[in-house]
Amino acid sequence: MSASPTLVARTGSFFHRYANPGRFLKLGARIQPWLTWTALLFTLAGLGWGLFYSPADWQQGDSVRIMYVHVPAAILASGGYAALAVCGLLSLVWRHPLADLAAVEIGPVGACITALCLATGSLWGKPMWGTWWVWDARLTSVLVLFFLYLGHIALIRAFDDPQRGYRAAAILALAGAVDLPIIKFSVQWWNTLHQPDSITLTGAPTMSSSMLWPLALSMVGISLGFAAIVVARLRAAVMESRIRSILSSPRRRGGSA
Amino acid sequence: MTHLPYILASYGLFTGIALVLGCGAAFRLKKARTRLAALDRTSPRPSGAAPSP
Amino acid sequence: MTRKSRRLWLIIACIACLGAAAALMLRAFSSDIVFFVTPSQVETKPPPADRTVRLGGMVVAGSVKREKHGETPVARFDVTDGQAAVTVRYEGILPDLFREGQSVVAVGSMQKDGFVASEVLAKHDETYMPKEVAEALKKSGKWDPRFGPPPSAASWNSMTVQDAKKDLSGKNSAASNPAQTPASAPAPAAN
């Protein structure tokens, strides 16, 4: 316990280096083009390869190509919510101002990617399983994640005093993070219609490398794209808050009066 | 290609969502930047620009 | 302890409690969370005939019998989990992925003369391979899809379509590798 205050303080100071919105704007402007262009390059390469050049699956046929969209979307749906939870922690413990703005901006992007994951999963399930939707543990836990995103989006904007909204949404983000391990392990803990993960940390991927490569490319590309969109929205949000503070500053009001 | 409608719908959805989110973010950023630049010109040294100690 | 670290520990404690509560709840409801029951579960504790259950397992090789009653196709097949097998009767069109050795989930109820399904869902596994690679594995005798999952992924996941085509055209080399039935093939129980 004696080490904890120094660790806490150190973590805090590390994040406070980037808590400064001015420093974030500078950093964001520098990395934005790199993020955007590499994201476009990797996504186009991965999806193009997946759609036109990768082989069809021996039993699923060409419908396996939906995987190159569905799997990155599924990983980012969980990853985005994990990012929301980290923002919530930074907000509650260190009162990190940028974390609150980031939580506002990550929510809608994460909800969109979760909706994409659910929709592409449905489009994949109909021809393969023979049904658009089943209430199995994996599908249901991802649907719960989608509603957690919607709740977060609504809660963080629900209060007149934004600080109260940030606090409530941070608590929701942290509590909802319980759903993430449930999503991850649902296919191992219970019988599900959804198949287990093909790519694991422990074993060889049960996927031909001719499908793994385009999947890896599109996964990197779509993740970078997610980051690029969040960084762009966050930069815009910082600028907008600066605009608001300029417009409401007493000096300006005095000057214009 | 088998199951073509399902594949096209999936990729189409992805493209649509990516376009909406990407263009939305780009426009919002551009608007905020021009607005901020215009304000900076009218009130040269806003208090928000100075880094906090 | 500073205020920040107190807040951090408080949040960690709350998350731990919440996680424990969620884990206990999921444990308590785990029999309701499972999407399907296995044939051995059905065998040991047959559900009442008026209850809809989902029965999941592998279609036993050689057990599929397709008939036509007028216009509607009727299929009978055995579903196994390796320990027990249940005969399923289904009226209607089976999904594209349905084959011997495929995992399926049959939705229906247990009747006196077997399981009567109103819907059959195909459950595909987590292996993805091109058709040529699957053919090459079959030809070399390493895998028979009718008897279960493919061999360990490391033995085939780096095989390219070109390699597989070469294997297929040079069929004679496969002859030296005597066909062996996969160890995972379960013996279908007679019922």
Side-chain angles (χ1 to χ4, degrees), chain A residues 19-23 32 36 39-40 43 47 50-51 56 60-66 68-70 72-73 105 108-109 112-113 115-116 119-120 122-124 126-128 222 225-226 228-247 249-252 255-256, chain B:
Chain A
N20 182 326
R23 196 170 279 146
Q32 183 82 73
T36 310
L40 271 176
T43 307
L47 292 187
L51 193 53
Q60 302 193 38
D62 286 301
S63 76
V64 76
R65 297 177 203 283
I66 295 173
Y68 305 114
V69 178
H70 176 73
E105 300 308 329
V109 185
C112 282
I113 205 100
L116 180 70
T120 53
S122 221
L123 286 165
W124 197 1
K126 182 64 190 162
M128 289 302 105
I222 296 175
F226 187 91
I229 288 171
V230 168
V231 167
R233 290 174 65 112
L234 191 50
R235 287 170 64 205
V238 170
M239 288 178 191
E240 282 159 7
S241 78
R242 189 165 284 185
I243 291 168
R244 272 195 301 275
S245 76
I246 291 174
L247 287 179
S249 77
R251 206 188 328 157
R252 184 183 164 83
S256 63
Chain B
M1 245 188 217
T2 55
H3 314 292
L4 194 59
Y6 299 98
I7 300 170
L8 286 186
S10 297
Y11 280 70
L13 265 178
F14 170 76
T15 316
I17 288 179
L19 276 180
V20 167
L21 284 178
C23 293
F27 281 130
R28 204 177 134 196
L29 191 57
K30 206 174 160 198
K31 203 175 128 198
R33 202 189 281 140
T34 48
R35 189 99 194 277
L36 193 62
L39 278 176
D40 270 346
R41 244 177 289 143
T42 51
S43 53
R45 215 33 290 153
S47 55
S52 54

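What you are looking at is a predicted structure, and each value in this text was computed from that prediction instead of being measured. A, B, ... follow the sequence lines: proteins, then strands. Residue 1 opens every chain.
Note that the OG atom of B:S10 and the CG atom of A:L51 stand 10.0 Å from one another [nearest 0.5 Å]. Atom CG of A:L123 is separated from atom CG of B:L8 by 10.5 Å, given to the nearest 0.5 angstrom. Atom NE2 of B:H3 sits about 3.5 Å away from atom CE of A:M128, to the nearest 0.5 Å. The distance from the CG atom of B:L39 to the CZ atom of A:R244 is 12.5 Å, given to the nearest 0.5 Å.
For A:S241, no part lies near chain B; criterion is any non-hydrogen pair under 4.5 Å. Contact annotation for B:L29: both backbone and side-chain heavy atoms come within less than 4.5 Å of a heavy atom of chain A.
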Run the numbers on B:L36 and A:I246 for side-chain contact (heavy atoms from CB on, under 4.5 Å), then give the verdict.
-> CA-CA 9 Å; B:L36 193 62; A:I246 291 174; 3.9 Å; yes
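Between B:L13 and A:V69 the shortest side-chain heavy-atom distance does not fall below 4.5 Å. You'll find the side chain of A:M239 stays beyond 4.5 Å of the side chain of B:R35, heavy atoms only.
The most heavy-atom pairs under 4.5 Å with chain B, out of A:G61, A:C112, A:A228, come from A:C112. With chain B as partner, the option from A:T120, A:I222, A:I66, A:V231 having the largest number of non-hydrogen pairs under 4.5 angstrom is A:I66.
Legend: residues meeting salt bridge (Lys or Arg N to Asp or Glu O under 4.0 Å) with A:R233, ordered by chain and number and at least two apart, are A:E105.
Across all their heavy atoms, A:A236 and B:A32 have their closest contact at O-CB, 4.0 Å. Pairing each heavy atom of B:Y11 with each of A:G50, the nearest pair is OH-C, 4.3 Å.
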